[in-house]
Enquirer: 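This is the structure, below, for whatever I ask next.
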Amino acid sequence: MLAKSKLLLLRRSHPPPPSTTLIRHCSTVSDSPESTITQVLKLLEPSDKNHWNSSKLNTLLFETLSSSHKHFLQISLRLGSSSKALTFLEYLSHNAPSTHHFSLSSAFQGALELSTEKQHPSLFSAFHGQPNSENNVLKLYEYRKSKNWTFPLTPKSGLILFQCFEKGQMIDDLVSFYKELDPSAKSSRLCNGMLRVLLKFGRVEDARQVLDEMLDPENVEFEPDDFTGEIVFGELVSRRSFVADEEVVRLVTKLGELEVFPDTFRLTQLISKLCARWKNRVAWEVLHAVMKLGCGVDAASCNAMLTGLGKERDIGRMNELLAEMEEMKIRPSVVTFGILLNHLCKARRIDEALQMFDRLRGKGESNVVGVEPDVVLYNTMIDGLCKVGREEEGLSLLEEMKTTTKHRPNTVTYNSLIDGFCKAGNINYAHELYNQMIAEGLQPSVITLNTLVDGLCKHGKVFSAVEFFNEMKGKGLKGNAATYTSLISAFCGVNNIDKAMQYFDEMLSSGCSPDAIVYYTLISGLSTAGRMDDASLIVSKLKEAGFCLDTACYNVLISGFCKKKKSERAYEMLIEMENTRVRLDTVTYNTLVSYLGKAGDFAAAIKVMKKMIKEGHEPNVVTYGAVINAFCLKNNVDEAMKIFKEMSATSKIPPNTVIYNILIDALCKNDDVKKALSLMDDMKVRGVRPNTTTYNAILKGIRDEKMLDKAFVLMDRMIEDACSPDYITMEILTEWLSAVGEIEKLKRFVQGYQVSSCTESLAEHFVG
DNA sequence: ATAGGGTTAG
């Protein structure tokens, strides 16, 4: 540096000889730009620009120095302060020929850069805070405006200004700055920054405009790069409103055409998010767009797509994607097989699932895919088997895990099996599995707890369930909403409303937050029990907790109010449904038709049915049942039979057991047992299975007509049809049969033996 | 990969 300046001094003392244009030209070439710049700086030293030697300066600047942006930038930077750079800029604005207009842009950039430089803390700034460099930058911008300077900003200037607006969070100013910005000042970096900031502040529309501009093939200077991709793909997975569904595909495609692709993680995330929002079609197109454009896609992204397709049971597309994976040599992972296996199990295609599982399990040549089942696959298979009642086969898989694989069964394995055995009614073995699990050192989870509690409840062992729950509480395991749902449902089922309410309170006091299901369960239980005031109380608690009633819940309430003859309360519910836009369904209409029919208000019932049809809910067998029942209650069995015959003839809605039960009951009550019996034959012909209620109805008619022989025949038929007598059956038969001295036959009947002929029953006796 | 709810006609 020192040597150079010596040389310069020397040169100044020996000015170049007067020269021709040619010589001058040559000297320009031979002179290093550095020396010219130094000369210029010397000339710019006087602080008053009136003292500048403009002819020398102009020659050096606009003739000697090559027309390069970087030289003018150098000069302004080396002036050392933004105010000096600004003075230089003023000078250029008056002296630069039009070919050198760019020099203004360069000088302005210099001024901007100088004003952002960290200033040394001085005594002044110690008292008045750091001088605000952003302010200076923005002042320069304002100054350029006030001078009506139209020279374009350089990309670097654009970036500096952008950063200042961003730091000051001056979003509106930033947007208008950007809108006025010359395209030549825009860079990918600046545009990416704009995108990021605009999205951060929710200026979605502005952000989209920036992006569209970047995607315009005209604008190669600021086309999207990997950073753009990161911002856009990140936004696509995080927000809903950024772009419409159709746009997602368009955007990914356009970016892909510029070779900006989401990485594996982002692509997988994007596909899962779209599938979670039920946008399978969009996810599918996104995946295929990037595949087509040559983006490397791996199994993880395909797995996300397969999961989404599985959720919508789109088997065709699942197969299509699998074929594509094979074609593109994307190796399926163990997760891929997990998805397929789970899908086959959920579709109850258990044998196909087993086939696939066996292929993976098969050692050597039969396992062509090279993926071995892991714990998840074993668990999926076991659960699938349990769900279709093949828990014994699930059990052998458990043994296989223990003996021939390195995959130890875990809590999930046992939970599935415990549930399987519970659902099969083998509570004892379920409990045995639980003990086995504990013996293996596995921790029971809340799902283990709930599975057993529910299993016990569903098999009438509510108090055992309570006992088990208490035992688990002792182990430090807390119940959740599902635990309490099972218990509440069970206690409501045995009409022990107080206990149900007690558990509801316990749930709240134990700090377990109730969900909608547990509210619905209790509301349903209370409504069925006719405790409509309590039900209403729980409804208001549900609402306080921020939940809404759904159609089924309203149905329960409407039905409850109707049974209590509180039609005005039922009506209130309907109004509320309308106001809260909860749609009525077939069950709602049937409930109303049934209530109106029972009340004998046929006109209103017909009105409701008309409305029902108008709203697109076709009457079903329950609607017919309600109407038939209404006529029967009005003692108009003929009309009821007419409707029944219509049903039988058209076969569009064939009568079911309940329809027959209503009619058999009504016919018997009308002393028309003969017709009732012929209906029973009709049932047999049409393959409609009678149940205990059917037999109770007919047996009552038989008893009232004192047709004893017929009673024995029907009792045999009842046994054949596997309809076990209930307390109503006993009420009908006990008094009658003991009065005629046939109590022995009743005993046999209860034990499940034939009663109509002695020999038969003896034979049965010996066999049994 | 595993657990819980509700309705209408008798």
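Residue numbering restarts at 1 for every chain, and letters A, B, ... go by the order of the sequence lines.
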Enquirer: Using the side-chain heavy atoms of A:Asn410, tell me which of these nucleotides is nearest: B:dA9, B:dG10, B:dA1.
Expert: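 Looking only at side-chain atoms, A:Asn410 lies closest to B:dA1.
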
Enquirer: With sequence neighbours excluded, what pairs up with A:Glu646 under the salt bridge (charged side-chain N to carboxylate O under 4.0 Å, His left out) test?
Expert: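 With sequence neighbours excluded, A:Glu646 shows a salt bridge (charged side-chain N to carboxylate O under 4.0 Å, His left out) to no residue whatsoever.
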
Enquirer: Between the side-chain atoms of A:Asn661 and the base atoms of B:dA9, is any donor-acceptor pair under 3.5 Å?
Expert: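 Answer no: no donor N or O sits under 3.5 Å from an acceptor.
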
Enquirer: How many whole angstroms separate atom CD1 of A:Ile662 from atom P of B:dT8?
Expert: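 So the two atoms are 13 Å apart, to the nearest Å.
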
Enquirer: Which one, B:dT8, B:dG4, B:dT7, comes nearest to the side chain of A:Asp454?
Expert: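 That would be B:dG4.
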
Enquirer: Going by heavy atoms closer than 4.0 Å, what residues in residues 375-395 of chain A are next to DNA chain B?
Expert: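 Correct list: A:Val376, A:Asn379, A:Thr380, A:Asp383, A:Lys387.
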
Enquirer: Could you tell me which residues satisfy salt bridge (charged side-chain N to carboxylate O under 4.0 Å, His left out) with A:Glu578, sequence neighbours excluded, listed by chain and number?
Expert: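 A:Glu578: no salt bridge (charged side-chain N to carboxylate O under 4.0 Å, His left out) contacts found.
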
Enquirer: To the nearest angstrom, how far is A:Ile659 atom CD1 from B:dT8 atom C1'?
Expert: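 Checked: the CD1 to C1' distance equals 12 Å.
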
Enquirer: Heavy atoms under 4.0 Å, any strand shown: does A:Asn696 hit a base, just sugar-phosphate, or nothing?
Expert: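 The residue A:Asn696 makes no contact with any strand.
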
Enquirer: Could I get the full list of ring pair (Phe, Tyr, Trp, His ring centres under 6.0 Å) partners for A:Tyr378, not counting sequence neighbours?
Expert: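 So A:Tyr378 forms a ring pair (Phe, Tyr, Trp, His ring centres under 6.0 Å) with A:Phe357.
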
Enquirer: Return yes if the base of B:dA3 and the side-chain atoms of A:Asn480 contain a donor-acceptor N/O pair under 3.5 Å, otherwise no.
Expert: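 Indeed there is one.
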
Enquirer: Under the side chain to side chain donor-acceptor pair (under 3.5 Å) test, which residues partner A:Asp704, sequence neighbours left out?
Expert: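 A:Asp704 satisfies side chain to side chain donor-acceptor pair (under 3.5 Å) with no residue once adjacent residues are dropped.
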
Enquirer: Among B:dT8, B:dA3, B:dG4, which nucleotide has an atom closest to any side-chain atom of A:Val446?
Expert: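 Selected nucleotide (nearest to the side chain): B:dA3.
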
Enquirer: Return the set of residues passing side chain to side chain donor-acceptor pair (under 3.5 Å) with A:Tyr554 (not counting sequence neighbours), or none when no residue passes.
Expert: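 Result, side chain to side chain donor-acceptor pair (under 3.5 Å) vs A:Tyr554: A:Glu576.
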
Enquirer: Mind calculating the distance between NZ (A:Lys669) and P (B:dG10) to the nearest angstrom?
Expert: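 To the nearest whole Å, that distance equals 10 Å.
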
Enquirer: For the pair made of CD1 in A:Ile517 and P in B:dT7, what is the distance, rounded to whole Å?
Expert: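 Distance, rounded to whole Å: 14 Å.
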
Enquirer: With sequence neighbours left out, write down each residue that passes side chain to side chain donor-acceptor pair (under 3.5 Å) with A:Ser559, or none if nothing qualifies.
Expert: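 Listed in chain order: nothing, the list is empty.
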
Enquirer: Taking side chain to side chain donor-acceptor pair (under 3.5 Å) as the test, write out the residues that go with A:Ser524, two or more places apart.
Expert: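 Listed in chain order: nothing, the list is empty.
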
Enquirer: Measure from the side-chain heavy atoms of A:Ser486 and tell me the nearest of B:dG4, B:dT7, B:dA9.
Expert: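 Side chain of A:Ser486 sits closest to B:dG4.
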
Enquirer: Go through the structure and list residues passing salt bridge (charged side-chain N to carboxylate O under 4.0 Å, His left out) with A:Arg349, not counting sequence neighbours.
Expert: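 If we apply the salt bridge (charged side-chain N to carboxylate O under 4.0 Å, His left out) test to A:Arg349, skipping adjacent residues, the hits are A:Glu352.
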
Enquirer: Whole Å only: how far is the OH atom of A:Tyr414 from the C1' atom of B:dA1?
Expert: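 From A:Tyr414 OH to B:dA1 C1': 16 Å.
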
Enquirer: Quick one: is A:Asn629 getting a side-chain N or O under 4.0 Å of the B:dG10 phosphate, OP1 or OP2?
Expert: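 True: A:Asn629 side-chain N/O within range (under 4.0 Å) of B:dG10 OP1/OP2.
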
Enquirer: Suppose we screen for ring pair (Phe, Tyr, Trp, His ring centres under 6.0 Å). Which residues come up paired with A:Tyr695, at least two apart in sequence or across chains?
Expert: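 By the ring pair (Phe, Tyr, Trp, His ring centres under 6.0 Å) rule, A:Tyr695 matches no residue at all.
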
Enquirer: So if I take every side-chain heavy atom of A:Lys346 and compare against B:dA1, B:dG10, B:dT8, which nucleotide ends up nearest?
Expert: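 Of the candidates, B:dA1 comes closest.
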
Enquirer: Over how many whole Å does the gap from A:Arg408 atom CZ to B:dA1 atom C1' extend?
Expert: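 Whole-Å distance recorded here is 18 Å.
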
Enquirer: Given the structure, check if the side chain of A:Asp515 and the base of B:dG4 hold any donor-acceptor pair shorter than 3.5 Å.
Expert: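 Per atom types, the contact qualifies.
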
Enquirer: How is A:Thr485 classified with respect to the nucleic acid when contacts are heavy atoms under 4.0 Å: base, sugar-phosphate, or nothing?
Expert: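 Base, at least one base atom sits under 4.0 Å.
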
Enquirer: Take the protein atom CD1 of A:Ile523 and the nucleotide atom P of B:dG4, then report the distance between them rounded to whole Å.
Expert: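 Atom-to-atom, A:Ile523 to B:dG4, this comes out as 20 Å.
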
Enquirer: Should we say atom OH of A:Tyr519 is surrounded by more than 12 heavy atoms from elsewhere, each under 6.0 Å from it?
Expert: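 Yes, enclosed.
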
Enquirer: Between atom CZ in A:Phe504 and atom C1' in B:dG4, what is the gap in whole Å?
Expert: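 To the nearest whole Å, that distance equals 15 Å.
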
Enquirer: Students often get this wrong, so: under 4.0 angstrom with heavy atoms, is A:Val658 touching a base, only sugar-phosphate, or nothing?
Expert: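 If one applies the 4.0 Å heavy-atom cut-off, A:Val658 turns out to touch a base.
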
Enquirer: Give a yes/no on whether any side-chain N or O of A:Lys563 is located under 4.0 angstrom from OP1 or OP2 of B:dT8.
Expert: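 Answer is yes, contact under 4.0 Å.
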
Enquirer: More than 12 heavy atoms of other residues, nucleotides or ligands under 6.0 Å from OH of A:Tyr571: yes or no?
Expert: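 Incorrect, the count does not exceed 12.
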
Enquirer: Which atoms form the tightest heavy-atom contact between A:Val587 and A:Thr591, and what is the distance?
Expert: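 Looks like O-OG1, 2.6 Å.
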
Enquirer: Residues from residues 543-553 of chain A sitting under 4.0 Å of DNA chain B, heavy atoms only?
Expert: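 Per residue number, the list reads A:Asp550, A:Ala552, A:Cys553.
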
Enquirer: Are A:Asn342 and A:Lys346 close enough that a side-chain donor and a side-chain acceptor fall under 3.5 Å?
Expert: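 A donor-acceptor contact under 3.5 Å links the two side chains.
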
Enquirer: From C-beta outward on A:Ala481, which listed nucleotide comes closest to its side chain: B:dG6, B:dG4, B:dA1?
Expert: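 Per side-chain heavy atoms of A:Ala481, the pick is B:dG4.
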
Enquirer: Side chain of A:Val412, heavy atoms from C-beta onward: which of B:dA1, B:dG4, B:dG10 has the nearest atom to it?
Expert: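 Among B:dA1, B:dG4, B:dG10, the one nearest the side chain of A:Val412 is B:dA1.
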
Enquirer: By a strict heavy-atom criterion of less than 4.0 Å, which residues belonging to residues 583-598 of chain A are in contact with DNA chain B?
Expert: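 Those residues are A:Val587, A:Asn590, A:Thr591, A:Ser594, A:Lys598.
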
Enquirer: Can you find an N or O donor on one side and an acceptor on the other, under 3.5 Å apart, linking the side chain of A:Thr693 with the base of B:dG10?
Expert: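 Answer is yes: a donor-acceptor pair is held.
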
